[in-house]
Amino acid sequence: MLVDGYDQLGTMVTFYHHPYYKEHLEALGYAKSTDWVEFRMTIPESLPEKYMRYSNLLLEKYNLRVRKYTRREIKKYGVGHKLFHLINKTYCELYGYSELSERQIDQYVKLYLGLLDLNLVSFIVDSNEDIVAFGVMIPSMSRALQKANGKYLPFGWYHLVKALVFKKTDTVDMLLIAVHPDYRKQGLPALVIQDLHPRLRKFGFKWCESNPELEDNVKVQNLWSLFDPVQHKRRRVYSKNL
């Protein structure tokens with residue numbers, strides 16, 4: 001639950017909790033098990049030359065390339081299922097993660113894949129065309145959801161479409177990023193950032209929300225050092241021996 005950053009705007013995929021929630025739990029003897037932190041970052045006008053050289057070196061060294069799929073290719077090659085299988089491989093060792101079943105993957109592919117703007121999705125593939133990393137961003141829906149007041153009809157849809165399709169927001173949310181375990185220490189997220197950055201600028205986004213990351217995931221958090229990160233929210237899992 002949220003334990004810090006009550007005055008900050010949440011993202012679409014997170015929950016809000018009042019301060020007294022944690023006070024009740026702590027009064028009952030529950031204590032911190034682990035924390036997730038969230039960052040708000042500034043999107044720079046350009047990436048440093050050193051960063052660009054590093055990204056290009058990774059592509060050459062590991063024989064990788066950025067792959068752009070059309071919606072037809074995504075359906076034809078089963079890209080949606082490949083993404084969620086990669087998520088299972090990437091996140092399986094993380095605290096609290098339960099691997100998605102095939103039934104769940106089928107459901108998520110049907111629900112969400114059609115909503116994604118492929119301009120804000122980056123795929124990194126190896127020489128065999130296997131996806132080894134990907135990143136997904138979406139325009140922030142937070143203000144639009146507030147304006148819709150929790151209702152799609154009669155006019156709530158207008159605010160959602162305005163944010164999602166026409167990108168009438170200055171903030172983009174990092175929805176997912178995953179890297180195959182074989183490439184975990186090779187810096188592949190830098191390739192995703194390099195690929196998406198020009199389009200983030202083109203669409204007029206000024207800020208980026210990271211969504212929750214485990215507080216000890218220092219490697220991922222180091223990626224944000226170029227973007228003036230501000231850690232503005234914290235979430236906690238509480239536990240108690242019974």
Side-chain angles (χ1 to χ4, degrees), residues 43 46-95 97-138 172-202 208 210-211 213-214 217-227:
I43 299 173
S46 61
L47 296 176
E49 184 64 29
K50 181 179 179 180
Y51 192 92
M52 302 292 284
R53 288 199 304 269
Y54 174 69
S55 298
N56 292 332
L57 181 63
L58 286 177
L59 291 173
E60 182 179 349
K61 181 177 181 181
Y62 298 105
N63 196 18
L64 305 175
R65 68 186 182 94
V66 176
R67 177 71 156 88
K68 295 300 178 188
Y69 291 100
T70 64
R71 291 203 180 277
R72 181 178 295 181
E73 288 176 325
I74 285 177
K75 185 176 181 179
K76 178 180 178 181
Y77 300 125
V79 172
H81 288 79
K82 291 179 180 179
L83 295 189
F84 284 106
H85 285 300
L86 181 54
I87 288 173
N88 276 343
K89 291 179 181 178
T90 303
Y91 293 178
C92 65
E93 297 177 2
L94 295 182
Y95 180 101
Y97 182 77
S98 297
E99 291 193 32
L100 299 171
S101 67
E102 285 299 323
R103 186 177 177 184
Q104 287 175 306
I105 289 174
D106 288 341
Q107 181 73 0
Y108 287 143
V109 168
K110 292 176 183 177
L111 280 176
Y112 299 119
L113 211 62
L115 297 176
L116 297 181
D117 182 345
L118 296 182
N119 289 301
L120 298 178
V121 182
S122 179
F123 303 96
I124 310 298
V125 300
D126 62 14
S127 57
N128 297 317
E129 287 292 306
D130 291 327
I131 299 173
V132 296
F134 76 90
V136 178
M137 296 187 180
I138 60 170
V172 66
D173 291 348
M174 288 182 168
L175 190 61
L176 285 171
I177 190 166
V179 176
H180 193 283
D182 291 346
Y183 293 87
R184 185 169 292 162
K185 298 181 180 180
Q186 312 307 327
L188 266 60
L191 301 178
V192 173
I193 294 171
Q194 181 193 28
D195 177 46
L196 293 177
H197 179 265
R199 289 185 289 286
L200 298 181
R201 294 296 304 175
K202 175 184 176 182
C208 181
S210 71
N211 277 311
E213 303 167 354
L214 284 166
N217 195 348
V218 179
K219 291 181 180 179
V220 170
Q221 292 162 23
N222 286 339
L223 293 171
W224 316 143
S225 60
L226 292 174
F227 310 112

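Just so you know, residue 1 is the first one in the sequence shown, and it goes up from there.
- Residues Val179 and Pro189 form a side-chain contact, since some pair of their non-hydrogen atoms from C-beta on lies under 4.5 Å apart.
- When every heavy atom of Gly187 is checked against every heavy atom of Leu58, the shortest pair comes out as O-CD1, 3.3 Å.
- The distance from atom CD of Glu60 to atom CG of Asn56, rounded to the nearest 0.5 Å, is 9.0 Å.
- Atom OH of Tyr97 has more than 12 neighbouring heavy atoms from other residues, nucleotides or ligands inside a 6.0 Å radius.
- Not one N or O on the side chain of Asn128 forms a donor-acceptor pair closer than 3.5 Å with the backbone of Asp130.
- When side chains are defined from C-beta on, Tyr108 does not count as touching Leu113, because their heavy atoms never get closer than 4.5 Å.
- Distance check, rounded to the nearest 0.5 Å: OH of Tyr51 to CD1 of Ile193 gives 3.5 Å.
- Annotation: side chain of Leu200 is in contact with side chain of Leu120 (closest heavy-atom distance under 4.5 Å).
- Ile105 approaches His85 most closely through the heavy-atom pair CD1-CE1, 3.9 Å.
- Here CD1 of Ile131 is found 12.5 Å from CG of Leu64. Values are rounded to the nearest 0.5 Å.
- Inter-residue side-chain proximity for Ile43 and Val172 is flagged as met; some heavy-atom pair is nearer than 4.5 Å.
- For the pair Ala190 and Ser55, the tightest heavy-atom approach, listed with the atom from each and the gap, is O-OG, 3.6 Å.
- Between Gly135 and Val192, the closest heavy-atom pair is CA-CG1, 3.8 Å.
- Listed for the Asp195 side chain is no donor-acceptor partner under 3.5 Å among the backbone atoms of Leu191.
- For Glu73, the salt bridge (Lys or Arg N to Asp or Glu O under 4.0 Å) partners at least two apart in sequence or on another chain are Arg67.
- Between Lys89 and Glu99 there is no salt bridge, since no side-chain nitrogen of the basic residue lies less than 4.0 Å from a carboxylate oxygen of the acidic one.
- The side-chain hydrogen bond (donor to acceptor under 3.5 Å, both in side chains) test applied to Tyr95 returns Ser33, not counting sequence neighbours.
- For Asn211 (side chain) and Met174 (main-chain N/O), a donor-acceptor pair under 3.5 Å exists by modelled atom type.
- Between Leu118 and Tyr69, the closest heavy-atom pair is CD1-O, 3.3 Å.
- Note: Trp224 and Phe227 have tilted aromatic rings, judged against thresholds of 30 and 60 degrees for the angle between ring planes.
- Atoms CG and CD1, on Leu59 and Ile124 in that order, are 6.5 Å from each other to the nearest 0.5 Å.
- Residue Val121 comes nearest to Lys68 through the heavy atom pair O-NZ, 3.5 Å, listed as atom of the first residue, atom of the second, then distance.
- Atoms CG and CG, from Asn217 and Asn222 in turn, are 9.5 Å apart once rounded to the nearest 0.5 Å.
- Summarising the local packing, CD of Glu129 is surrounded by more than 12 heavy atoms from other residues, nucleotides or ligands at distances under 6.0 Å.
- Looking only at side-chain heavy atoms (C-beta outward), Arg199 and Met137 stay at 4.5 Å or farther from each other.
- With rounding to the nearest 0.5 angstrom, the CD1 atom of Ile87 is 4.5 Å from the CG atom of Leu176.
- Residues Ile138 and Asp117 fail the side-chain proximity criterion, which asks for heavy atoms closer than 4.5 Å.
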